[in-house]
Amino acid sequence: MVQGQPVDTRRVAAALGDRSVVLVGMMGAGKTSVGKRLAAKLGLPFVDADAEIEAGAQLSIPEIFERFGEAYFREGERKVIARLLASRPQVLAAGGGAFMNKTTRDNIARHGVSIWLKPDVEVLLARVRKKSNRPLLKTPDPEQTLRRLLAERSPIYALADITIESKDGPHEAVVDMALRRLAEMLRATAESESAPRRIVKAPLGARAYSIIIGPGLIDEAGDEIAKVAPGAKCAVVTDAHVGPLYLDRLVASLGEAGLAVSSIVCPPGEATKSYAEFARVSDALIEARIERRDIVIALGGGVIGDLAGFCAASLRRGVRLVQVPTTLLAQVDSSVGGKTGINSTRGKNLVGAFHQPSLVLADTDTLDTLSEREFRAGYAEVIKYGLIGDKAFFEFLEANWREVFAGGPARAEAIAASCAAKVRAVVADETEQGERALLNLGHTFGHALESLTRYDTKRIVHGEAVAIGLALAFRFSRKLGLCPGQDAMRVEAHLGAVGLPTRIQDVPRFEASPQDFLDAMRQDKKVQQGRITFILARGIGESFVALGVEEASVLAFLDQELEFAPN
Ligand SMILES: NC(=O)c1ccc[n+]([C@@H]2O[C@H](COP(=O)([O-])OP(=O)(O)OC[C@H]3O[C@@H](n4cnc5c(N)ncnc54)[C@H](O)[C@@H]3O)[C@@H](O)[C@H]2O)c1
C-alpha cells in the first residue's frame, strides 16, 4: 500500500464482515483512546471490556481484585469477552491480562482480528506512573513489576495478528497505522483463501512425489490419495492425541473416494518409536491385509511418521506410504526426505530405513490444535532452512513470523519454502553422504543438550535444543572468525523474538562440564571415526560442512558458553 494514501475505511469494515477488532497489550498502551478513534473510523461500536466488567459487577476493578482476588477477576473477564465477541462486530479493548488466557485467545482468533499495541517501554512507564489505580502495580516497586509483566507477556502478545509499535506519537498516527495494517492483512487473507494450494515436487526419478500444502486438506485426502493409488486399501496409523481430532474426517474422506480403510492408534510420545510398537503396528497391518500396492498413511507428528514409515518400509519389503503430517516439525522436516525409524535403548533413530513417501499432504489447519510450545519448537527448523542457504527466506521470517504463528498465508508460504529447501538437500544427497548433512545445522549441539538432559521434554524439547544449537553454531562460527558478529546477533535476536531459547543456561537445571558436552556430541551418529562434523556458517544463509575442527577450540568455546551468566 502506498504510504500517505488514505485507507478506504468502508472497504476495511466490509472485509471484516462479522469479525471484531480486538486491541490487546499492556495497561497504559492506549487501547481505549486508540480503540475509540478506530471504532469511529470503521463505523463500529467501541467497547471497553474492563468497563463492561465493572458495570456488571457494580464494582471497580481494584475493588474486584481486593475482595475476590485475581483468579476470580480473570474468570469473569474470560466470560465477558466471550459474550461480547459473540454479540456483534465491534472494536473491543481487552484488559492487559486477557490475552494471556488461551481460551480467550482462541475466541478472539475465531471472532476477530487482534492488534497488539506495543508502545515504547519508557512511554508506558510514564503513562502508568500518572495513574495509580492499577491493582497489579500495587507493589513496593511498580516500575520493576511493570518491566517483569512486560517481559512475561510480550511473547504472548506477539501472537496477535498485527503488532503496532508506537513511540509516544499522537494517537491519530497509531490509528492510521492500525487501519493500514488491517487493510493489508484482510486483503492478503482474502487472496490466500482464493489462492490455489502450494505444491512442492520432490523429483526423485521413479520415486518422485508431491508435497501438497494448504488448509482443509484432510477433507480432500481421499481424492488426492485415490489419484496416486486408485482402489488401494489404506491403513491409517495415528496417535491417541491426533486420532480424536482428525481420524474420523480422514476416514470419511477416504471412504467417499471409494478407498477401503482401517486404522491403528498408538500411544502419543517418543516412547512409541519402539521395537514393541513396531511389532504391534506391523502385525496389525498384516491382519488388515495391507499388500505391496496398498497404502500406509501416517497421520500425526514425527513420531508417527517415523514409526509408520519404518513399518511401511519393512512390511513385505516395502509398501507405499502417504504422510499426513500434523505438527509443524513434521510438515517442514520429518515427513519429507524418506528417513524412517525407531529408537534403540542405545540411542535415538538407530534402527531405520530410507523409504520415500508416495505423497505428502500437509493440512496447515491441523497446526491450530498444536500446543504453542510444539509449534514454536517446529519453527526452529523453519529458521534453520533460512540460515543454511537462503538469506532472503530468513529475512521473510523476520518480517512475517507473527503471521506464520497466527496462521495467515505466510504460514503456508513458510512451510512450502521449508519443504522446497529440504527437497533440494535430499535430491542432492538422498542417503546423507555429504550435502544433506547441512540440514544438521544446530543439531550436533542440540542433540548433546537433549542427551545431557536425558530427553526430558519437560526441560527441553527437540526444537528448543535445535534453537540453542543454531545460536551456538553461529556464535562458534563468530569465535572462529568465520562469521560476522552482527549475523550471530541477528540469529539470536530472531530466535529470542519468537520466544525460543538461545543459551545453554536457558535449559532448567543444566549442569555439565565442557568435556561432558563434547563427549555427548561425540555420541551423535553423525560422528565418523571419532571426529565430529560441525555445520558452521560464514554468515546468514552461508552454512558449510566443517571438517577437522580442533577439539581444543570446541572446548574453549564451550567453556565460555557454560560460564555465561545471564543478567
Ligand atoms: N524422519 C525425519 O527426517 C525426522 C526429522 C526430524 C525429526 N524426526 C523425528 O520426529 C519426532 C518428533 O516429531 P514431533 O515433534 O512432530 O513430535 P510428536 O510426533 O511426538 O508430536 C508432538 C505432540 O503433539 C501431538 N500432536 C501432533 N499433531 C497434533 C495436532 N495437530 N494437534 C494436537 N496435538 C498434536 C502428538 O500427539 C504429540 O503429543 C522425533 O522422534 C524425531 O526423531 C524425524
Side-chain angles (χ1 to χ4, degrees), residues 102 106 202 215 217-218 237-247 249-250 265-274 277-278 298-310 312-313 321 323-344 347-357 360-382 384-385 407 418-419 422-423 425-426 430-432 436-437 439-443 446-447 450-451 455 457-458 460-466 469 524-526:
K102 175 134 183 13
D106 291 345
L217 274 170
I218 294 255
V237 183
T238 188
D239 77 21
H241 287 156
V242 180
L245 294 167
Y246 303 111
L247 183 59
R249 277 171 52 198
L250 180 58
V265 181
C266 303
E270 188 65 32
T272 284
K273 276 172 61 176
S274 65
E277 275 302 295
F278 170 71
L299 170 68
V303 162
I304 289 300
D306 280 11
L307 171 74
F310 186 44
L321 171 70
Q323 293 271 11
V324 184
T326 62
T327 62
L328 183 58
L329 177 129
Q331 296 195 350
V332 300
D333 189 357
S334 59
S335 66
V336 174
K339 279 202 206 173
T340 71
I342 56 172
N343 303 327
S344 144
K348 259 182 69 117
N349 298 328
L350 289 182
V351 179
F354 283 98
H355 187 60
Q356 297 291 347
V360 180
L361 296 174
D363 182 337
T364 48
D365 284 345
T366 59
L367 303 180
D368 290 343
T369 53
L370 199 60
S371 75
E372 265 166 41
R373 188 178 181 198
E374 292 289 354
F375 188 92
R376 196 176 293 137
Y379 184 77
E381 302 283 358
V382 176
K384 180 189 78 175
Y385 293 115
S418 301
C419 289
K422 175 124 192 206
V423 163
V426 170
E430 192 178 351
T431 54
E432 203 171 336
R436 189 167 174 171
L439 297 174
N440 292 322
L441 177 66
H443 283 60
H447 284 151
E450 286 184 278
S451 132
Y455 297 93
T457 52
K458 288 201 195 78
I460 190 160
V461 298
H462 176 71
E464 291 162 352
V466 169
D524 198 72
K525 66 180 182 312
K526 276 102 201 172

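FYI, side chains are in, hydrogens and waters are out, and symmetry mates aren't considered; it's all heavy atoms of this structure. Ligands are counted one by one from 1 in listed order, and the atoms in each one are counted from 1 as well.
- Ionic pairing of Glu464 and Arg373 is present here: one or more N-O contacts between side-chain nitrogen and carboxylate oxygen are shorter than 4.0 angstrom.
- Applying the side chain to side chain donor-acceptor pair (under 3.5 Å) test to Asp368 and every residue at least two apart in sequence or in another chain returns Arg411.
- For the side chain to side chain donor-acceptor pair (under 3.5 Å) test, residues two or more places apart in sequence or in another chain that qualify with Gln356 are Tyr209, Glu430.
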Extract all N/O-N/O pairs under 3.5 Å that connect ligand 1 to the protein, and present each with both atom names and the distance rounded to 0.1 Å.
{"residue": "ligand 1", "atom": "1 (N)", "partner": "Asp306", "partner atom": "OD1", "Å": "2.9"}
{"residue": "ligand 1", "atom": "1 (N)", "partner": "Lys339", "partner atom": "O", "Å": "2.9"}
{"residue": "ligand 1", "atom": "13 (O)", "partner": "Gly302", "partner atom": "N", "Å": "3.1"}
{"residue": "ligand 1", "atom": "16 (O)", "partner": "Gly302", "partner atom": "N", "Å": "2.8"}
{"residue": "ligand 1", "atom": "16 (O)", "partner": "Thr327", "partner atom": "OG1", "Å": "2.6"}
{"residue": "ligand 1", "atom": "19 (O)", "partner": "Gly302", "partner atom": "N", "Å": "3.1"}
{"residue": "ligand 1", "atom": "19 (O)", "partner": "Val303", "partner atom": "N", "Å": "3.1"}
{"residue": "ligand 1", "atom": "28 (N)", "partner": "Thr326", "partner atom": "O", "Å": "3.4"}
{"residue": "ligand 1", "atom": "28 (N)", "partner": "Thr326", "partner atom": "OG1", "Å": "2.7"}
{"residue": "ligand 1", "atom": "31 (N)", "partner": "Thr326", "partner atom": "O", "Å": "3.0"}
{"residue": "ligand 1", "atom": "31 (N)", "partner": "Thr366", "partner atom": "O", "Å": "3.0"}
{"residue": "ligand 1", "atom": "31 (N)", "partner": "Thr369", "partner atom": "OG1", "Å": "3.3"}
{"residue": "ligand 1", "atom": "32 (N)", "partner": "Thr369", "partner atom": "O", "Å": "3.4"}
{"residue": "ligand 1", "atom": "32 (N)", "partner": "Thr369", "partner atom": "OG1", "Å": "2.8"}
{"residue": "ligand 1", "atom": "37 (O)", "partner": "Asp239", "partner atom": "OD1", "Å": "3.3"}
{"residue": "ligand 1", "atom": "37 (O)", "partner": "Asp239", "partner atom": "OD2", "Å": "2.6"}
{"residue": "ligand 1", "atom": "37 (O)", "partner": "His241", "partner atom": "ND1", "Å": "2.9"}
{"residue": "ligand 1", "atom": "39 (O)", "partner": "His241", "partner atom": "ND1", "Å": "2.9"}
{"residue": "ligand 1", "atom": "41 (O)", "partner": "Glu270", "partner atom": "OE1", "Å": "2.7"}
{"residue": "ligand 1", "atom": "41 (O)", "partner": "Glu270", "partner atom": "OE2", "Å": "3.1"}
{"residue": "ligand 1", "atom": "41 (O)", "partner": "Lys273", "partner atom": "NZ", "Å": "2.8"}
{"residue": "ligand 1", "atom": "43 (O)", "partner": "Lys273", "partner atom": "NZ", "Å": "3.0"}
{"residue": "ligand 1", "atom": "43 (O)", "partner": "Lys348", "partner atom": "NZ", "Å": "3.1"}
{"residue": "ligand 1", "atom": "43 (O)", "partner": "Asn349", "partner atom": "ND2", "Å": "3.3"}

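- With sequence neighbours excluded, the residues that form a side chain to side chain donor-acceptor pair (under 3.5 Å) with Thr369 are Tyr246.
- Between Ala330 and Ser334 the shortest heavy-atom distance is CA-OG, 3.1 Å.
- A salt bridge links Glu270 with Lys348: the closest approach of a Lys/Arg side-chain nitrogen to an acidic carboxylate oxygen falls below 4.0 angstrom.
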